[in-house]
Amino acid sequence: MKAAVVTFPGSNCDHDLYHAVKAVGGEPHFVWHRDRGLDGVDVVLLSGGFSYGDYLRAGAIARFSPIMDDVLAFARAGGPVAGICNGFQVLCEAGLLPGALIRNASLKFQSENVRIRVERTDTVFTADYTEGQVLQIPSAHAEGNYRADAETIERLEGEGRVLFRYVDATGEASDAGNPNGSVANVAGIVDEGGRVMGMMPHPERAMDDLLGSRDGRGFFTSLLSAFAGSAA
């Protein structure tokens, strides 16, 4: 699996993503936001951080970086694209995913471990999980409150496009398990084809027991399995 890890000015989780891909046997390489070209890439990863300082609105400026023209073309050709935290915000701003991420209901930056439930496993991002599996994943953001109009939410639910949902200790999608006030406890979604994914929690920070959880590994091994044999 050859993974392009896109770095914007202000990205701060790009190296975490790089090492997570490498830890499962993939071949990561960094792509600077001003670079062009994604030839030979199997998957594109947009990392967390504060692209362009989150000025104007999180992800709103990064969406206009030169590399995003290639990311959009890659996605529209069916290539898998994953945006984590700030990357999720960028994908929404770019129109590859519906909705928006607004300030947390607490109006505070929150850094904590959260529980998310895997809602479907027929995607390249979740194939190594089991449906209904509850993961413990770190989360750190100020603008992770997912919002969309009622029609969009109904469509996401009806088409099974909610990939991860915040849950409590019992595995239920309750208010107690929702760290930022996201509508319908949405923690991650996919596009119509299931090939573009955005999520707020950080699987790349849950790769080893020393970090308190290795529940994030399944995300990367799922991608690796999807592209087994693609490495040179």
Side-chain angles (χ1 to χ4, degrees), residues 1-8 10-11 13-14 17 21 31-39 41-52 54 56-102 119-120 122-126 141 143-149 151-165 182-184 186-204 219 222-223 226-227:
M1 172 182 68
K2 297 177 181 176
V5 178
V6 178
T7 299
F8 301 102
S11 295
C13 299
D14 45 343
L17 267 180
V21 171
V31 177
W32 181 235
H33 75 120
R34 289 189 179 279
D35 293 342
R36 298 300 303 265
L38 294 169
D39 293 342
V41 167
D42 295 314
V43 58
V44 174
L45 303 174
L46 306 186
S47 76
F50 302 91
S51 57
Y52 292 91
D54 277 356
L56 182 62
R57 190 174 60 246
I61 300 176
R63 173 259 178 277
F64 292 102
S65 285
I67 191 61
M68 287 305 297
D69 288 339
D70 296 297
V71 173
L72 265 66
F74 183 81
R76 287 167 179 159
V81 177
I84 297 170
C85 198
N86 193 221
F88 186 9
Q89 295 159 343
V90 174
L91 292 179
C92 288
E93 291 289 340
L96 285 174
L97 290 172
L101 286 307
I102 67 171
E119 299 292 80
R120 54 182 284 195
D122 60 339
T123 76
V124 295
F125 310 105
T126 54
H141 56 253
E143 298 174 56
N145 185 350
Y146 182 76
R147 291 284 145 179
D149 59 68
E151 182 180 345
T152 299
I153 295 300
E154 184 177 359
R155 189 170 71 251
L156 289 175
E157 296 283 14
E159 295 174 355
R161 290 168 53 191
V162 177
L163 194 59
F164 300 107
R165 210 181 297 269
S182 289
V183 63
V186 168
I189 60 173
V190 290
D191 71 344
E192 294 89 339
R195 304 282 284 184
V196 178
M197 190 281 313
M199 65 186 296
M200 287 310 296
H202 290 265
E204 77 278 13
F219 178 86
S222 295
L223 284 169
F227 298 101

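Between M200 and L101, the shortest heavy-atom contact is SD-CG, 3.9 Å. Considering all non-hydrogen atoms of both residues, F74 and V41 come closest at CE1-O, 3.5 Å. Nearest heavy-atom pair, I67 versus G37, reported as atom, atom and distance to 0.1 Å: CD1-N, 4.3 Å. Among all heavy-atom pairs drawn from S51 and V90, the shortest one is OG-CG2, 4.2 Å. When all heavy atoms of C13 and G49 are compared, the closest pair comes out as SG-N, 4.4 Å. Minimum heavy-atom separation, L38 to A4: CD2-CB, 4.0 Å.
With rounding to the nearest 0.5 Å, the separation of CE in M68 from CG in L96 is 6.0 Å. Atoms CE and CD1, on M199 and I84 in that order, are 6.5 Å from each other to the nearest 0.5 Å. If you take CG on D35 and OG on S65, they are separated by 10.5 Å, rounding to the nearest 0.5 Å. Rounded to the nearest 0.5 angstrom, D54 CG and N86 CG are separated by 5.5 Å. Atom-to-atom distance recorded for H141:NE2 and C85:SG is 6.5 Å, nearest 0.5 angstrom. Taken to the nearest 0.5 Å, the CZ atom of R161 stands 8.5 Å off from the OG1 atom of T152.
Ring pair H33/Y52 is perpendicular by interplanar angle, where above 60° counts as perpendicular and below 30° as parallel.
Checked by atom type, the side-chain pair D14/S11 shows no donor-acceptor distance below 3.5 Å.
Judged by distance alone, the side chain of R195 and the main-chain N or O of G78 form a donor-acceptor pair under 3.5 Å. Looking only at distances, a side-chain donor or acceptor of Q89 sits under 3.5 Å from a matching main-chain atom of E143.
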(request) Check the pair L45 / V6 against side-chain contact (heavy atoms from CB on, under 4.5 Å), numbers first and verdict last. (result) CA-CA 6 Å; L45 303 174; V6 178; over 6 Å; no

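Under a cut-off of 6.0 angstrom, the local environment of CD in E157 is crowded, with over 12 non-hydrogen atoms contributed by other residues, nucleotides or ligands.
Checking each of V71, L97, V43, L72 against V81 for a side chain to side chain contact (heavy atoms under 4.5 Å, CB included) leaves exactly one that passes, namely V71.
The stretch residues 78-101 participates, sequence neighbours left out, in these salt bridge (charged side-chain N to carboxylate O under 4.0 Å, His left out) pairs: R57-E93. Among residues at least two apart or in separate chains, salt bridge (charged side-chain N to carboxylate O under 4.0 Å, His left out) pairs with a member in residues 63-77 are R36-D70.
Residues V196 and V190 are not in side-chain contact: their nearest non-hydrogen atoms beyond the backbone lie 4.5 Å or more apart.
Salt bridge E159/R120: absent, no basic N to carboxylate O contact under 4.0 Å.
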